[in-house]
Every structure is written in C-alpha cells, then in structure tokens.
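First the structure, in the form of structure tokens, and then the observations on it.
Heavy atoms only: backbone and side chains are in, while hydrogens, waters and symmetry mates are out. Note that the structure is predicted; figures quoted are calculated from it, not measured.
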Amino acid sequence: MTGWKIPRSTMFSEVPQWSGSGPIRTRLTIGEHGWINVGCHFELNDHIIIGDHCSLGHEVLIMTSTHRVGSRGSRAGALFTAPVSIGAGAWIGARSTIFPGVTVGRGAIVSAGSVVTTDVPDNSVVAGAPASIVVKRLPG
C-alpha cells in the first residue's frame, strides 16, 4: 500500500481501521519496532505520528478532528482538525481515546480506558476520563 509510512519492524495484531477525508495515506507515520493491537482506529483528518517502540492496546481510538460547540440550533458546530503525536516508547492502554491536538510524551503510559484531552508529559502515567496525571515521573 503506497503512501503509508510504516516500517516492517512494527507489528499489527490485525489491520487497523482507517477513516478520514482526502489523502489519509500521507497523514500516518509509525516508528520502528511498535505494536498495534486488535481493533485500533486511526481517524486521519489530520496527521498522526507514532514514535519508535510504541505499544497500542486493544481498540485504541486516535482522533484528529472534532466539532466546536455550535449554537443551540446545532450544537455540533464547525469541524476542526489537529494532529496527534505519540512519543517514542509510549504505551497506550486498551480502549483509550486520544483527542485531536494531543501530544503523548516519550515513555508515557495512558492507562486503559482513559480519555486523553490534554498533553501527557514525558515518562508520566495518566488515567481516567478525562485523563489526569497519576504518576508524575516513572523511573528509568
């Protein structure tokens, strides 16, 4: 498949779901030696960059677009997009959702089922909906 930037060293449990408008194949970059588990979905209305040695658990959803809050006549207002970046060595737990514009830092852990709406610092652990820091600095 031309256009995808995915090295042979990254393993997939199964082919993820892809969605988005326009040239989506140019908007996904995955680093070396990663692991993408079953049921993941990449919404590619903007760029997603996943660093080297990253692991994504079952059914992770990465979103690059959403709507602004509109008027009372239509609360789903104007669409906007923003890229997502996941730093090298990060681990995204099963059924987590990463929202548009989020950067997950290098070596960070997103606990299973988390809803990540803000940036995650390097080597930290976040959990919850919305996700908040539960460990500020992991050893190593």
Side-chain angles (χ1 to χ4, degrees):
M1 294 193 294
T2 61
W4 301 117
K5 296 177 189 102
I6 303 169
R8 290 181 182 261
S9 64
T10 290
M11 303 300 294
F12 290 81
S13 289
E14 68 180 22
V15 176
Q17 295 178 14
W18 325 94
S19 65
S21 298
I24 65 172
R25 290 183 183 206
T26 65
R27 296 185 190 139
L28 177 65
T29 302
I30 299 178
E32 299 278 348
H33 305 288
W35 177 257
I36 312 296
N37 221 315
V38 299
C40 291
H41 185 111
F42 302 124
E43 186 269 304
L44 291 159
N45 283 316
D46 209 318
H47 294 272
I48 297 173
I49 299 171
I50 300 172
D52 295 339
H53 300 278
C54 288
S55 298
L56 275 60
H58 293 74
E59 299 177 2
V60 167
L61 170 61
I62 301 176
M63 299 172 50
T64 62
S65 65
T66 190
H67 294 270
R68 302 208 186 276
V69 175
S71 67
R72 85 180 118 183
S74 179
R75 290 297 183 200
L79 181 75
F80 76 94
T81 69
V84 170
S85 178
I86 300 175
W91 177 17
I92 312 299
R95 291 196 170 175
S96 291
T97 300
I98 311 295
F99 270 70
V102 166
T103 295
V104 175
R106 296 173 61 88
I109 297 173
V110 174
S111 298
S114 295
V115 177
V116 184
T117 59
T118 60
D119 290 350
V120 177
D122 291 352
N123 298 309
S124 65
V125 179
V126 298
S132 60
I133 297 173
V134 295
V135 176
K136 288 185 179 181
R137 189 81 174 164
L138 289 168

- Apart from Leu79 itself, which Ile, Leu, Val, Met, Phe, Trp or Tyr residues share its cluster (side-chain heavy atoms under 4.5 Å, direct or through members)?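 Members besides Leu79: none; it forms no cluster.
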- Message: Connecting only ILVMFWY residues whose side-chain heavy atoms lie within less than 4.5 Å of each other, what is the rest of Ile49's hydrophobic cluster?
- Response: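 So far as hydrophobic clustering goes, Ile49 is joined with none.
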If I take atom [atom1] from residue [X] and atom [atom2] from residue [Y], how far apart are they, to the nearest 0.5 angstrom?
X      : Y      : atom1 : atom2 : value
Thr103 : Asp119 : OG1   : CG    : 4.5 Å
Cys54  : Trp91  : SG    : CH2   : 13.0 Å
Ser55  : Ile92  : OG    : CD1   : 9.5 Å
Glu59  : His41  : CD    : NE2   : 12.5 Å
Ser19  : Met63  : OG    : CE    : 9.5 Å
Ile48  : Lys5   : CD1   : NZ    : 12.5 Å

- Query: Same hydrophobic cluster for Ile86 and Val125, using side-chain heavy-atom links shorter than 4.5 Å among ILVMFWY?
  - Reply: no
- Message: Membership question, hydrophobic clusters at under 4.5 Å side-chain separation (ILVMFWY): are Val15 and Phe42 in the same one?
- Response: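 Shared cluster, yes.
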Report all side-chain donor-acceptor pairs from residues 107-115 shorter than 3.5 Å, counting only partners two or more places apart or in another chain.
{"from": "Ser111", "atom 1": "OG", "to": "Val126", "atom 2": "O", "distance (Å)": "3.1"}
{"from": "Ser114", "atom 1": "OG", "to": "Ser111", "atom 2": "O", "distance (Å)": "2.7"}
{"from": "Ser114", "atom 1": "OG", "to": "Gly128", "atom 2": "N", "distance (Å)": "3.2"}

Of the non-hydrogen atoms in [X] and [Y], which two are nearest, and what is the gap between them?
X      : Y      : answer
Ser124 : Val120 : OG-CG1, 3.4 Å
Gly93  : Val60  : O-CG2, 3.4 Å
Arg137 : Asp122 : NH1-O, 3.8 Å
Trp4   : Ile24  : CZ3-O, 3.8 Å

Enumerate, atom names and distances included, each donor-acceptor pair closer than 3.5 Å involving a side-chain atom of residues 28-38, sequence neighbours excluded.
{"from": "Glu32", "atom 1": "OE1", "to": "Ser9", "atom 2": "OG", "distance (Å)": "2.5"}
{"from": "Asn37", "atom 1": "OD1", "to": "Ser13", "atom 2": "OG", "distance (Å)": "3.2"}

- Item | For Asp46, side chain to side chain donor-acceptor pair (under 3.5 Å) partners two or more places apart |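 By the side chain to side chain donor-acceptor pair (under 3.5 Å) rule, Asp46 matches Thr81.
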- Item | His47: partners by side chain to side chain donor-acceptor pair (under 3.5 Å), with sequence neighbours left out |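 Here no residue qualifies.
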- Query: So which of Leu56, Thr97, Val116 actually passes side chain to side chain contact (heavy atoms under 4.5 Å, CB included) with Ile62?
  - Reply: Leu56
- Would you confirm whether Glu43, through its side chain, and Asn45, through its main-chain N or O, come within 3.5 Å as a donor-acceptor pair?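 Confirmed, Glu43 side chain pairs with Asn45 backbone.
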